[in-house]
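Every chain is numbered from 1, with letters handed out A, B, ... down the list of sequences. The figures here come from the full heavy-atom set of this structure, side chains too, leaving out hydrogens, waters and symmetry mates. All values reported here derive from a predicted model rather than from experimental measurement.
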There are 2 protein chains.
Amino acid sequence: MAHGSTRPTSRDVAQAAGVSQAAVSLVLGDKWRGRVSAPTAQRVREAAHELGYRPNLAARNLRLGRTRTVLLVVPALTTEFFAEVYTGAARVAAQHGFGVVLYPSPEGVGPARDPFASAQAALDGIIASSMAADALTAIRGDHLPLVMLDSDPEGSHGATTVNLDIADGIRQVTDHLLTLGHRRFLHLAADIPSWTFDVRARALATRLTATPGTDLRTVSAPISIDAARTATEAALTAPGPRPTALVCDDDKLAAGAYKAARRAGLRIPDDLSVTGLDDLGLATAIDPELTTVRLDAEAFGERGMRALLAVLEGQAPEKGDLPVNLVVRGSTAPPR
Amino acid sequence: MAHGSTRPTSRDVAQAAGVSQAAVSLVLGDKWRGRVSAPTAQRVREAAHELGYRPNLAARNLRLGRTRTVLLVVPALTTEFFAEVYTGAARVAAQHGFGVVLYPSPEGVGPARDPFASAQAALDGIIASSMAADALTAIRGDHLPLVMLDSDPEGSHGATTVNLDIADGIRQVTDHLLTLGHRRFLHLAADIPSWTFDVRARALATRLTATPGTDLRTVSAPISIDAARTATEAALTAPGPRPTALVCDDDKLAAGAYKAARRAGLRIPDDLSVTGLDDLGLATAIDPELTTVRLDAEAFGERGMRALLAVLEGQAPEKGDLPVNLVVRGSTAPPR
DNA sequence: GCTCTCAAGTGTTACGTATAACTACCTCGG
DNA sequence: CCGAGGTAGTTATACGTAACACTTGAGAGC
């Protein structure tokens, strides 16, 4: 609402066009065929444009009982991953006349603030990343249609789940490293309780226990370059035979590992092969470029939004995980 | 709204508590002192909690004529910079009972889609980055209170502007390089029409023309690592004396420059000093760590939100640009 | 000439909330 | 005993929209 004069309503438009408010609603709602004559409709449209009329969305939402607005709950936007998820979701949403409101759960841990209080919006549904699960207690109160991203299909209390095939990505990474001849593995795990990271650990362990003669150690750190560096440095300087392959839960952790390797005097990939997961811009910014698993974040967001739209229309969402694929770059090589 | 049963309204709560709907509104709106007895108020709160009542925001917004929601228009979220701006803005907003809806203008160029159609929200005001200026034509239609981030204070048609003191940042960078002994400069400029980048070019040129014996060339590229690499590589292999200092419009461009230098066989900082601007996480992920200008994106978002709140309350916003400061790391050294 | 149908509208209502205006009861000072 | 003032509520209304139910006039069909 402007400061000085109040903004025009459909009634003002009606008066300007010399028709009733109902006629304005019909015309602007594109439901006028057979109810209003073409010249009248044109007059209404002109009057609306003349006055700079914009429908009051609060009133429309109240009347219709739905908002065509969806909430996307993500962890803090510290990488571009969820920004791309948002882009994909918003694109599909726009095609269906929906809007997407982004709710990045506050950086710090602890139970998130009420997303509804923050994103003052009235909502039709929610898409939430499992990494922002602490926000979900507040969410589950309202039992809005809910789509969970990268979440345990079993433990999601009936919410629809949309997943990337992360396990397959880790299998591809592991096979790549095994084929190169690596046997001693270190897993740099993300120190965040989330199904999506459990999957990584499980897939890696499964593959390696099935391969005789291999060895796996694990170290974990919060997802930050500094924390990853510290944790990796400790692991690399620990007693015992040094691992030759370092599998990181994501690209950011890998970037931290690069710095640890450098400090420890190890060259990548000659002394240590490193892999990431995500394929962020960061992956090609560091030297050598990172061998990693490409996740199509936009497609992920699109799929999530399509699933939610399906739920809203009472249809069945698409099944199956989204494929991922290994991108081999310069950070992996046969062990010396 | 849930699928099966309809969700409870304040009238349902009233009935459950044995009071009128008005009393419920008073109690839950915390305006009951002296109007409703304490035991009754308690009963109402219990009934509301029991039923899982959530006020219908569409109805509230309609009634109040304001939404306590603000739109933040930013360029695509390809770095964490605007994510942090959002964080700061959202924090201040939450303290005042406001929500922030994020509208990243679509990646592609061209006039942006109508932000209102996308973010279905009814809005009280707008904060917009000058880098997303193409979205503004649609915005200026509704004359909502508007705060512009990093925008020309003169040419903003009366919108409030909130700026970082980028010019001072560039001055600090330039002085640092001059003190180290550099005389031949290359400016890697962002190929985006925006006041914030004009400021950089002007500040750099001003400082260098005031310093006899210096030389400045300029090359520009879109803000992407690959584009920056290509442009820089061309400039570094051009005929004539090679620049010894490369001033980049932001950190991402600097990361591209690193790759160009590597390809050209130049070592940083021995053969070429490089500076960035932003201090993204990227700045410390690359090797050597980047000398850059630290922009406090969260403070920027906070300041922007406070300015908008001031405008909404008819007060005068804070004046003065936000300070920035040089962070010297390993990418700058005296020329050989 | 009468009914029937159809086009082109209009009148009215409800969505759920916040609040202004009102009421009824009680207490207490004079 | 009366009114002033406070307490504890209630009733009624408006916000702007969408859509249902209704009206009116004109022409078609017989």
### Query
Quick one: does A:Arg66's side chain have a donor or acceptor within less than 3.5 Å of a partner on A:Asp124's backbone?
no

### Message
Applying salt bridge (Lys or Arg N to Asp or Glu O under 4.0 Å), can you list everything that pairs with B:Glu80, at least two apart in sequence or on another chain?
### Response
none

#### Entry: Residues forming a salt bridge (Lys or Arg N to Asp or Glu O under 4.0 Å) with A:Glu318, sequence neighbours excluded
A:Arg303, A:Arg306

### For B:Ser25, side chain to side chain donor-acceptor pair (under 3.5 Å) partners two or more places apart
none

Protein-nucleotides 23-25 of chain C N/O pairs under 3.5 Å:
none

### Message
Applying a 4.0 Å non-hydrogen cut-off, can you work out what A:Val24 is touching in the nucleic acid: base, sugar-phosphate, or nothing?
### Response
nothing

#### Entry: Pairing residues for B:Thr9 by the side chain to side chain contact (heavy atoms under 4.5 Å, CB included) criterion, not counting sequence neighbours
B:Arg11, B:Asp12

### Query
How would you list, by chain and number, every residue that makes a side chain to side chain donor-acceptor pair (under 3.5 Å) with B:Ser194, sequence neighbours excluded?
B:Ser130

Between protein and nucleic acid, restricted to nucleotides 14-17 of chain D and to nitrogen or oxygen atoms under 3.5 Å apart, what atom pairs and distances do you find?
| residue | atom | partner | partner atom | Å |
| --- | --- | --- | --- | --- |
| D:dT17 | OP1 | A:Tyr53 | OH | 2.4 |
| D:dT17 | OP1 | A:Asn56 | N | 3.2 |
| D:dT17 | OP2 | A:Ser10 | N | 2.5 |
| D:dT17 | OP2 | A:Ser10 | OG | 2.7 |

### Query
Tell me the salt bridge (charged side-chain N to carboxylate O under 4.0 Å, His left out) pairs involving residues 90-99 of chain A, sequence neighbours left out?
A:Arg91-A:Glu298, A:Arg91-A:Glu302

### Task
Can you sort out the partners of B:Arg45 under side chain to side chain donor-acceptor pair (under 3.5 Å), two or more places apart, ordered by chain and number?
B:Gln42

#### Entry: For A:Ala299, all residues meeting side chain to side chain contact (heavy atoms under 4.5 Å, CB included), sequence neighbours excluded
A:Asp296

### Test side chain to side chain donor-acceptor pair (under 3.5 Å) applied to A:Ser20 - qualifying residues, sequence neighbours left out
none

### Task
Please list, by residue number, the residues of residues 27-43 of chain B whose heavy atoms come closer than 4.0 Å to an atom of DNA chain D; answer none if no residue qualifies.
B:Arg35, B:Val36, B:Ser37, B:Thr40

